[in-house]
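Here the structure comes first, spelled out in structure tokens, and everything after it is commentary.
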Amino acid sequence: MPELIEIEAYRRLAEAKALGRPIAEVVAPDAWWLKGGLTAGALSDALVGRVFTAARRTGKRLLLETSGAGPLLGLRFGMTGKLLVDGTAGVDELIYSSNRDVGAWDRLMVVFDDGGDLRVRDARRLGGAELEPDEARLGPDAAGLTPAVLARVLGTSRAPLKARLMDQARVSGLGNLLVDEILYRSGLDPARPAGSLDPAEVRRLAGWIRRTLDRLGDLGSHAGEVGPARRPGGVCPRDGTPLVRRTIGGRTTWSCPTHQR
DNA sequence: ATTGTGGCCTGCCCGC
DNA sequence: TGCGGGCAGGCCACAA
């Protein structure tokens, strides 16, 4: 599923291939996919004749700026959404998502004057598009999170550490698989109260967030150490302990009871 | 405010 | 071979 890492790949794709191309037409056949009262007609009126001028990202949201004082276009990809420009996908494979080439799953298509297009293909319709998204609703991006900022994110919260890290209003970009991987590497129990970490543990966690994002940046969220072991009968690749499966923060959570404390 | 829960979307996989 | 049920997780509405 797309997390920060995949959305960053989408951002780079959009930046490399979708900027500066005059928009001729917008096709948005699924009204449900348009958020915040947006309609296909309004979206078309807002974009046609303009060009995308910049591709930014906060957490899992992709932001496309438009020319001529045009609106900001915000795209969310849910867990099965893919970005394609001129038919080229931003990532090769998406775990939990079909990689079939089904045009009916295209929820948004921005057609350029030159005949190419930018489109979002989202089988499960969990993503969406909106104009002028509220940028203050998302916490600081997980990429570049310093120990000091992480300490503020965790605060004195008694919520499970994992739930706090997945709370997009506190820190944005981390999803279920990525958090399991980060906590596995950090040797921290996902069920620990978020505020119970001592300063050394906060520094350690911040370091593993950075290193995990760097390391998986070219491989994808699913390419972690613990990823392949997230299944019944899976054992810890590090010490061989059977992994424990729990629901934490409303999400299926796999962790090692031996080295995650 | 904080924390937890349930529902939504629908393709896919497993077992019968 | 077809079918039904469970599962996946990001996000939101809602409750205590």
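Throughout, a chain's letter reflects where its sequence line sits, starting with A, and its residues are numbered from 1. What you are looking at is a predicted structure, and each value in this text was computed from that prediction instead of being measured.
Comment: A/D106 engages A/R121 in a salt bridge, judged by a side-chain N to carboxylate O separation of less than 4.0 angstrom.
In terms of phosphate contacts, A/K60 brings a side-chain nitrogen or oxygen within less than 4.0 Å of OP1 or OP2 of C/dC11. Close to B/dT10, at under 4.0 Å from its OP1 or OP2, lies no side-chain N or O of A/W105. Remark: A/T252 is in phosphate contact with C/dA8, judged by side-chain N or O atoms under 4.0 Å from OP1 or OP2. Using a 4.0 Å cut-off, no side-chain N or O of A/S157 falls inside it from OP1 or OP2 of B/dT2.
Per the geometry, CG belonging to A/L174 stands 15 Å off P belonging to C/dG9, to the nearest Å. Straight-line distance from the CG atom of A/L4 to the C1' atom of C/dC11: 17 Å, rounded to whole Å. Between the CZ atom of A/R158 and the P atom of B/dT3 there is a distance of 7 Å, given to the nearest Å. Regarding A/F77, its CZ atom lies at a distance of 11 Å from the P atom of C/dC11, rounded to whole Å. A/W254 places its CH2 atom 11 Å from the P atom of C/dG9, with the value rounded to the nearest Å. Taking atom CZ on A/R251 and atom C1' on B/dG4, their separation rounds to 13 Å, with Å as the unit. Between A/E6 atom CD and C/dG9 atom C1' there is a gap of 13 Å when expressed in whole angstrom units. In this structure, A/M79 places its CE atom 8 Å from C1' of C/dG10, rounding to the nearest Å.
Here the closest heavy-atom approach between residue A/A129 and residue A/L38 is recorded as O-CD2, 3.9 Å. Taking every heavy atom of both residues into account, A/L19 and A/A55 meet most closely at CD2-N, 4.2 Å.
As judged by a 4.0 angstrom heavy-atom cut-off over every strand, A/R61 is placed among residues making no nucleic acid contact. Within 4.0 Å (heavy atoms only), A/R245 reaches sugar-phosphate atoms of the nucleic acid but no base atom. Nucleic acid contact for A/R164: sugar-phosphate only, since backbone atoms but no base atoms lie under 4.0 Å from a heavy atom of the residue.
Residue A/R125 places its side chain closer to B/dC9 than to any other of B/dC9, B/dC12, C/dC11. Closest to the side chain of A/A159, from the set B/dG4, B/dG11, B/dC9, is B/dG4. Distance from the side chain of A/Q168 is smallest to C/dC11 among C/dC11, B/dC9, C/dG9. Picking from B/dC12, B/dT2, B/dC9 the nucleotide with the shortest atom distance to the side chain of A/R170 gives B/dT2.
One can find a donor-acceptor pair under 3.5 Å joining the base of C/dA8 and the side-chain atoms of A/R124.
Residues A/T80 and A/D122 have side chains that bring a donor and an acceptor to within less than 3.5 angstrom of each other.
With DNA chain C read from its 5' end, the first of the two nearest nucleotides for A/R137 and A/L126 is the one closest to A/L126.
The hydrophobic cluster containing A/L150 also contains A/L4, counting ILVMFWY residues as joined when their side-chain heavy atoms lie under 4.5 angstrom apart, directly or transitively.
In this structure, A/R246 places its CZ atom where more than 12 heavy-atom neighbours from other residues, nucleotides or ligands lie under 6.0 Å away.
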